[in-house]
Amino acid sequence: MDMLFPPGTQARVPIAALTGTNGKTTCSRMLAHILKMAGHVVGHTSTDAVVIDGNVTVKGDMTGPLSANMVLRDPSVDIAVLETARGGIVRSGLGYNFCDVGAVLNVASDHLGLGGVDTLDGLARVKRVVAEVTRGTVVLNADDEQTLKMAAFSPARHVMYVTRNPEHELVREHIRLGKLAVVLEQGVNGDQIVIYDNGTQMPLMWTQLIPATLEGKALHNVENAMFAAGMAYALGKTLDQVRAGLRTFDNSFFQSPGRMNVFDEHGFRVILDYGHNEAAVGAMVDVIDRLKPRGRRIVGVTCPGDRRDEDVAAIAAKVAGHFDTYICHRDDNLRDRGPDEIPKLMRAALIAEGVAPDAITIIEEEEKALDAALSQAQPDDLLLFFCEAITRGWKQIVHFTPEFEPAGPESAAKRLATSTFDVPDGFVVTSDDRGVLIVPAK
């Protein structure tokens, strides 16, 4: 035993655990990628699978104690990233006694009324368990009142706050005391993630350089990147290792299925997302507003059947007024609802929010709803589709063939030539393999 574990050496697999209502899957994937790029053999659990060193071993919702045990029993794993969800904690606990770094991203209304958790305070108490078993560094969202209060319940040696607000008084005082923080600060070149430690300001990187943030416009992924960076730093990774991980992680279907996957090959933009609660849907609507699409905005919206009627109404309130066309559908898993119950509730809630009835269509089945949404999209439109069957939906998008010719340089030149764009006298708009050009008229 002394040979295997010499005195003073690490005898247990370091554990980074995180929980929260939204963002935990993306954040855990980011952190696992940073650690893999730094040379670790990472055991990672998430809502999609158990992944060992980049290889999927078991598919499914793997956020409970059994999946944690799978990772911690694997002899090849030298660091564990464990996404820990509410359901597993309520049913069976954590699956580990303590973690070295723990994070609580946020607490928002979701799954209320299930498993004996009926209030937001009750949900916060469940998620607080991760903070309560953290020994090294606990990473908390200073912009969320529920998570901010968790510092008092954690025995961790260090508290690290994450905030998008550089004027946050509590965080500023925390930094003045030489403690840990990750702050989003505004600079001449945009927004920058900055890490504070022992009174030292350490600029990490500009948010527009992180592919998963869509050039900094997806603020929810900016926050996920801040948490992943903070946790990696708390695990002893260098700033260069954190930068390398964030620069090479994107929101593609390959790296992050179901989380803001973008497809631009049809002449219009399609964004596929698994958003299934008020906060997640609101974050995606915020992204659409920031992207400012030139054409129409189309949304396919749903809500899991086991959510309350008021949750359906809350999701409807988030999308209402932000789109031109609304398609209401349901998940494949009805979860004790009628086949048209969720779409009808969504339609009624949208109308109550002021959406014109003729802008709303009910197409119950998810597959047919996505096909209809793709078929009505035109050049420069943007389609946001909330989906349960992510893999099927992505294949459907990729293999869809639009009836019009996707826009290229030639059609772009035609659009410019017929627009209000002022072409100088003696010049015309044309195109070649370099793109759209203004050239002297013949």
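Remark: D309 CG to I342 CD1 distance equals 7.0 Å, nearest 0.5 Å. A distance of 13.5 Å separates CZ of F249 from NZ of K36, quoted to the nearest 0.5 Å. If you take CG on L370 and CG on L272, they are separated by 7.0 Å, rounding to the nearest 0.5 Å. Atom CD1 of residue I210 and atom CE of residue M30 lie 7.0 Å apart, to the nearest 0.5 angstrom. Here OH of Y326 is found 8.0 Å from CD1 of I360. Values are rounded to the nearest 0.5 Å.
Using a 3.5 Å distance cut-off with no hydrogens or angles, the side chains of Y161 and T147 do not pair a donor with an acceptor. For the residue pair N22/H220, the side-chain donor-acceptor check at 3.5 Å is not satisfied. No hydrogens or angles considered: a donor-acceptor pair under 3.5 Å links the side chains of D121 and Q146. Defined by atom type and a distance below 3.5 Å, a donor-acceptor pair is present between the side-chain atoms of E185 and Q201. For S252 and D250, the side-chain atoms include at least one donor-acceptor pair closer than 3.5 Å. Residues Y233 and D197 bring a donor and an acceptor atom of their side chains to less than 3.5 Å of each other. In this structure, a donor-acceptor pair under 3.5 Å is absent between the side chains of T238 and D240.
Taking 4.5 Å as the limit, every side-chain heavy atom of D2 sits out of range of all side-chain heavy atoms of P6. Residues V159 and K179 form no side-chain contact, since every pair of their non-hydrogen atoms from C-beta on lies 4.5 Å or further apart. A heavy-atom distance below 4.5 Å is found between the side chains of L72 and Y96. Proximity of Q192 to L184: side-chain heavy atoms (C-beta onward) are nowhere separated by under 4.5 Å. Looking at heavy atoms from C-beta onward, R259 lies in side-chain contact with T25 at the 4.5 angstrom threshold.
Heavy-atom minimum distance, L31 versus A16: CD2-CB, 3.9 Å.
Using a distance-only test at 3.5 Å, with no hydrogens or angles considered, no donor-acceptor pair links the side chain of N221 to the main chain of N224. Of the possible polar contacts, one joining the D143 side chain to the R164 backbone as a donor-acceptor pair under 3.5 Å is found. Looking at E366, its side chain does come within 3.5 Å of a backbone N or O of E388 through a donor-acceptor pair.
Salt bridge status for D331 with R335: absent, with no side-chain N to carboxylate O gap under 4.0 Å.
Note on ring orientation: taking the six-membered ring where Trp is involved, the planes of H266 and F268 are tilted (angle from 30° to 60°). The aromatic rings of F385 and H329 lie parallel to each other, with less than 30° between the two planes, well short of the 60° mark.
Residue I271 forms a side-chain contact (heavy atoms from CB on, under 4.5 Å) with just one option from N251, N261, L384, and that option is L384.
Taking the centre of each ring, H276 and F386 stay at or above the 6.0 Å mark.
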